[in-house]
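Working notes, beginning with the structure itself.
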Amino acid sequence: SYYFKHQYIATNPTLLVDMPKLHDKAIIRLDIDEVAMLLDYVESAGEHLTGQALAYYQKTKNRDLAILTLLLGTGIRVSELIGLKLDDINMSIGFITCRDERKERTVPFGKTAKKAMESYLDSARALLCGDQEQDHLFVNCNGTVMSRQGFWKILKHYGSLAGIEADITPHTL
């Protein structure tokens, strides 16, 4: 375009380049009340359940609460969350270490996340793992590593039950 503007060339080559598409998609965020509703529902959903649903909820409640409070309290990515291993947590000073193939970072977490993770580690994790040895922090009901899709389903489930109308995604949190 410089050469065209200064008449060094006869045609403008930038006319052949497509412009990037602009996305008008609105950013969806949960407000504080919706986040409180989501967490409150995770804590109290058992009041509305019976039978197998109640047994499943009792088995997973502490894990789900730990996952959501840690994600909300730290802002880490879901891939970092599900990649956490037991050795990546320092409960005494309130830090987690997130790793990927290129870098490592240490992220602090607060009292609420610490309390939720202690409850999960003290009771629920052993129930979920059963006899399996697992070094990942968060596991699914089979005792294996939780997937991103598994986390997404948990989030959608609680959001729906809590009556949150916004399209909740892990990135929304």
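Just so you know, these numbers use all the heavy atoms, side chains as well, and skip hydrogens, waters and symmetry mates. Since the model is a prediction, treat every value here as computed from it, not as a measurement.
- Minimum heavy-atom separation, Arg63 to Ile154: NH2-CD1, 3.3 Å.
- In this structure a side-chain-to-backbone donor-acceptor pair under 3.5 Å is present from Tyr57 to Val42.
- Scanning all heavy atoms of the two residues, the minimum distance from Leu137 to Arg125 falls at O-NE, 3.1 Å.
- Heavy atoms from other residues, nucleotides or ligands lying under 6.0 Å from CD of Glu104 number more than 12.
- Shown here are the side chain to side chain contact (heavy atoms under 4.5 Å, CB included) partners of Ser147, two or more places apart in sequence or in another chain: Gln149.
- The hydrophobic cluster around Ile93 extends to Phe95, counting ILVMFWY residues whose side-chain heavy atoms fall within less than 4.5 Å of a member.
- Under a hydrophobic-cluster definition in which Ile, Leu, Val, Met, Phe, Trp and Tyr are linked whenever side-chain heavy atoms come within less than 4.5 Å, directly or via other members, Leu161 and Leu54 are assigned to the same cluster.
- Scanning both residues, Leu84 and Thr97, for their nearest heavy atoms gives CD2-O, 3.5 Å.
- For the atom pair OG of Ser123 and NZ of Lys61, the computed distance is 9.5 Å after rounding to the nearest 0.5 Å.
- Ile67 CD1 to Ile82 CD1: the interatomic distance, rounded to the nearest 0.5 Å, is 9.5 Å.
- The two residues Phe4 and Ala10 have their closest heavy-atom pair at CE1-O, 3.3 Å.
- Chaining together hydrophobic side chains whose heavy atoms lie under 4.5 Å apart leaves Val145 on its own.
- Applying the side chain to side chain donor-acceptor pair (under 3.5 Å) rule to Tyr158 yields the partners Asp64; only residues at least two apart in sequence or on another chain are considered.
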(message) Could you go through Leu86 and Leu121, starting from their C-alpha distance and side-chain angles, then the distance that decides it, and tell me whether this counts as side chain to side chain contact (heavy atoms under 4.5 Å, CB included)?
(response) CA-CA 10 Å; Leu86 292 171; Leu121 290 169; 3.9 Å; yes

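- A donor-acceptor distance shorter than 3.5 angstrom exists from the side chain of Thr69 to the backbone of Ala66, with no hydrogens or angles considered.
- Residue pairs meeting the side chain to side chain donor-acceptor pair (under 3.5 Å) criterion with at least one member in residues 74-89, sequence neighbours excluded, are Arg77-Glu80, Glu80-Arg105, Asp88-Arg99.
- Residue pairs that meet the side chain to side chain donor-acceptor pair (under 3.5 Å) test with at least one member in residues 128-138, sequence neighbours left out, are Gln134-His136.
- Between Glu43 atom CD and Leu68 atom CG the span is 10.5 Å, to the nearest 0.5 Å.
- The environment of Leu15 atom CG is dense: over 12 non-hydrogen atoms of other residues, nucleotides or ligands sit within 6.0 angstrom.
- Every residue two or more places apart in sequence or in another chain that forms a side chain to side chain contact (heavy atoms under 4.5 Å, CB included) with Met37 is listed here: Ile164.
- To the nearest 0.5 Å, atom OH of residue Tyr120 and atom CE of residue Met117 are 10.0 Å apart.
- Listed by chain and number, the residues in a side chain to side chain contact (heavy atoms under 4.5 Å, CB included) with Lys114 are Met91, Phe109, Glu118 (sequence neighbours excluded).
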(request) Determine, stepwise, if the pair Ile96 / Ile76 fulfils side chain to side chain contact (heavy atoms under 4.5 Å, CB included). (result) CA-CA 10 Å; Ile96 55 172; Ile76 62 175; 3.8 Å; yes

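- Partners of Tyr3 under the ring-ring contact (aromatic ring centres under 6.0 Å, His included) rule, at least two apart in sequence or in another chain, are Tyr8.
- Leu127 and Met146 fall into different hydrophobic clusters, where Ile, Leu, Val, Met, Phe, Trp and Tyr side chains are chained together by heavy-atom contacts under 4.5 Å.
- Under the 3.5 Å distance criterion, the side-chain polar atoms of His6 are matched with a main-chain donor or acceptor of Tyr2.
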(request) Determine, stepwise, if the pair Asn142 / Thr144 fulfils side-chain hydrogen bond (donor to acceptor under 3.5 Å, both in side chains). (result) CA-CA 6 Å; Asn142 299 322; Thr144 58; 5.0 Å; no

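- In this structure, the salt bridge (charged side-chain N to carboxylate O under 4.0 Å, His left out) partners of Lys156, at least two apart in sequence or on a different chain, are Asp167.
- A distance of 10.5 Å separates OG1 in Thr112 from CG in Leu72, rounded to the nearest 0.5 Å.
- Residues passing the side chain to side chain donor-acceptor pair (under 3.5 Å) test with Asp40, sequence neighbours excluded: none.
- Between Asn90 and Thr106, every side-chain heavy-atom pair lies at or beyond the 4.5 Å cut-off.
- Taking the side chain to side chain contact (heavy atoms under 4.5 Å, CB included) definition, one finds that Ser119 meets it with Asn62, sequence neighbours left out.
- For the atom pair CG (Leu65) and CG (Leu38), the distance works out to 9.5 Å, reported to the nearest 0.5 Å.
- Contact check for Leu70 versus Phe138: side-chain heavy atoms found under the 4.5 Å cut-off.
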